[in-house]
Protein chains: 2
Amino acid sequence: MATKPGTIMNTIDRFLTSELAGEIEFLTARTRSLGSARANKLLAPLGLKVRSYSVLSLACSGMAPTQRELAEFLSLDPSQIVPLVDALEGDGLVERTADPNDRRSKVITGTKAGEQLYRKARKATAEGEAVAMASLNQSEQETLRDLLSRIAFRD
Amino acid sequence: MATKPGTIMNTIDRFLTSELAGEIEFLTARTRSLGSARANKLLAPLGLKVRSYSVLSLACSGMAPTQRELAEFLSLDPSQIVPLVDALEGDGLVERTADPNDRRSKVITGTKAGEQLYRKARKATAEGEAVAMASLNQSEQETLRDLLSRIAFRD
DNA sequence: ACTTAATCGTTGACTTTATCAAGAGTTTAA
DNA sequence: TTAAACTCTTGATAAAGTCAACGATTAAGT
């Protein structure tokens with residue numbers, strides 16, 4: 001592991017052995033920063049960002065999420081959901097309907113056009129995911145998904 | 001996997017089987033959101049946030065990072081580094097010194113006080129990490145660290 | 001040597017995202 | 001039936017992200 005003298009080392013390699021580079025907090029932050037930048041580029045042609053895509057995805061899931069549920073699941077403030085749904089609704093991609101069981105809540109559901117766009121968008125994010133995980137084999141990808149979901153959902 | 005009728009299901013469990021919940025992009029976003037919120041709380045008593053902590057960590061690494069290197073490694077714009085270093089420097093935790101090899105660059109190094117605070121802060125983030133990964137055994141934690149660093153650094 | 005181009009830190013303008021309090025309408029509990 | 005709690009919404013404010021431009025410095029080209 002000796003460094004060849006005179007070799008130019010790029011920034012990433014240079015700090016790969018830093019204490020920070022071993023912290024999960026930092027690794028997830030960097031991963032998500034690179035990942036969302038890439039995803040945003042892939043989604044831009046469809047008029048979406050990762051945020052609006054996430055809302056659209058849940059709206060088209062058939063699970064009839066309320067805005068509050070969207071906020072909680074996406075780790076956002078309820079007030080941040082409002083303009084997101086406004087934009088999607090303005091484009092005719094989702095609909096707000098009062099929950100019959102509790103008229104305080106509004107259920108967000110994807111329209112026909114919303115579902116069509118979502119299928120395209122899903123392909124885009126799947127492509128981004130493939131690029132991100134290119135250095136992992138199939139089994140490792142499954143493992144990563146499992147471990148991450150266990151720490152993302154268990155607290 | 002049947003849902004007991006009448007059972008109240010919390011939001012997270014309700015959407016656990018959504019397509020979105022299986023996406024790495026979403027899992028890392030949620031993980032880092034929860035993680036940085038927790039880390040910020042633990043760092044607050046020390047007058048730090050995850051951002052300033054990350055800069056302090058690299059400054060105290062002995063690797064003599066320049067501001068540009070900090071920006072690249074932390075996935076930030078160079079202009080975002082300026083106020084971060086300003087604040088740390090104002091608190092006497094780091095120093096800016098012109099790189100003798102290239103006087104355009106400024107090398108950021110931790111002061112004595114900076115290193116002392118960093119050791120405390122490192123304990124705090126380690127505690128946060130332990131909480132975050134409580135549902136994973138030691139071997140799984142090592143695996144997660146390895147897989148994440150491979151996708152965080154190889155592109 | 002000398003001009004041109006490129007790089008680094010910095011500033012400033014601007015947009016986006018985050019945080020928080022308060023209000024109108026609805027439901028739940030006392 | 002009143003009081004408390006909950007949901008969506010609005011608005012104010014702070015924080016973070018994006019981008020172009022500038023002075024100082026270095027590298028490249030001729």
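So you know, we letter chains A, B, ... as the sequences are listed, proteins then strands, and number each from 1. Bear in mind that the values here come from a model prediction, so they are computed numbers and not experimental data.
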Choosing from [options], which nucleotide comes nearest the side chain of [X]?
X: Ser105(A); options: dT16(C), dA16(D), dT7(D); value: dT7(D)
X: Pro78(B); options: dA18(C), dT10(C), dC8(C); value: dT10(C)
X: Arg104(A); options: dC8(D), dT10(C), dT7(D); value: dT7(D)
X: Lys106(B); options: dA18(C), dG17(D), dG9(C); value: dG9(C)
X: Arg68(B); options: dT16(C), dC8(C), dT7(D); value: dC8(C)
X: Asp102(B); options: dT27(C), dT26(D), dT11(C); value: dT26(D)
X: Val82(B); options: dT9(D), dT19(C), dT10(C); value: dT10(C)

Minimum heavy-atom distance between Leu27(A) and Thr31(A), given as atom pair plus value = O-OG1, 2.7 Å

inquiry  = If I compare all heavy atoms of Arg14(A) with all of Ala64(B), which pair ends up nearest, and what's the gap?
reply    = NH2-O, 3.2 Å

key: Pro83(B) vs Asp99(A), nearer the 5' end of DNA chain C by closest nucleotide   = Pro83(B)

ask   = Nearest nucleotide by nearest heavy atom, which residue falls closer to the 5' end of DNA chain C, Thr66(B) or Arg103(A)?
value = Thr66(B)

To the nearest Å, give me how far apart [atom1] ([X]) and [atom2] ([N]) are.
X: Lys41(A); N: dT18(D); atom1: NZ; atom2: C1'; result: 13 Å
X: Asn101(B); N: dT25(D); atom1: CG; atom2: C1'; result: 14 Å
X: Leu74(A); N: dT19(C); atom1: CG; atom2: C1'; result: 17 Å
X: Leu76(A); N: dC8(D); atom1: CG; atom2: C1'; result: 15 Å
X: Glu89(A); N: dC8(D); atom1: CD; atom2: C1'; result: 13 Å
X: Asn40(A); N: dG17(D); atom1: CG; atom2: C1'; result: 12 Å
X: Ile81(B); N: dT18(D); atom1: CD1; atom2: C1'; result: 14 Å
X: Asp77(A); N: dC8(D); atom1: CG; atom2: P; result: 12 Å

key: Test item: side-chain donor near acceptor, Glu23(A) and Tyr53(B), under 3.5 Å   = yes

query = Taking N and O atoms by type only, does the side chain of Ser79(A) place a donor or acceptor under 3.5 Å from a partner on the base of dC8(D)?
reply = no

query = Given dC8(C), is OP1 or OP2 found less than 4.0 Å from the side-chain N or O atoms of Arg96(B)?
reply = no

request  = May I ask you to evaluate whether Gln80(A) reaches the phosphate of dT17(C), defined as a side-chain N or O under 4.0 Å from OP1 or OP2?
outcome  = no

task = Anything under 30° is parallel, anything over 60° is perpendicular, the rest tilted; go ahead and classify Phe153(A) against Phe73(A).
result = parallel

task = Go through the steps to decide whether Glu25(B) and Ser36(A) satisfy the test side-chain contact (heavy atoms from CB on, under 4.5 Å), and finish with yes or no.
result = CA-CA 7 Å; Glu25(B) 165 68 26; Ser36(A) 76; 3.2 Å; yes

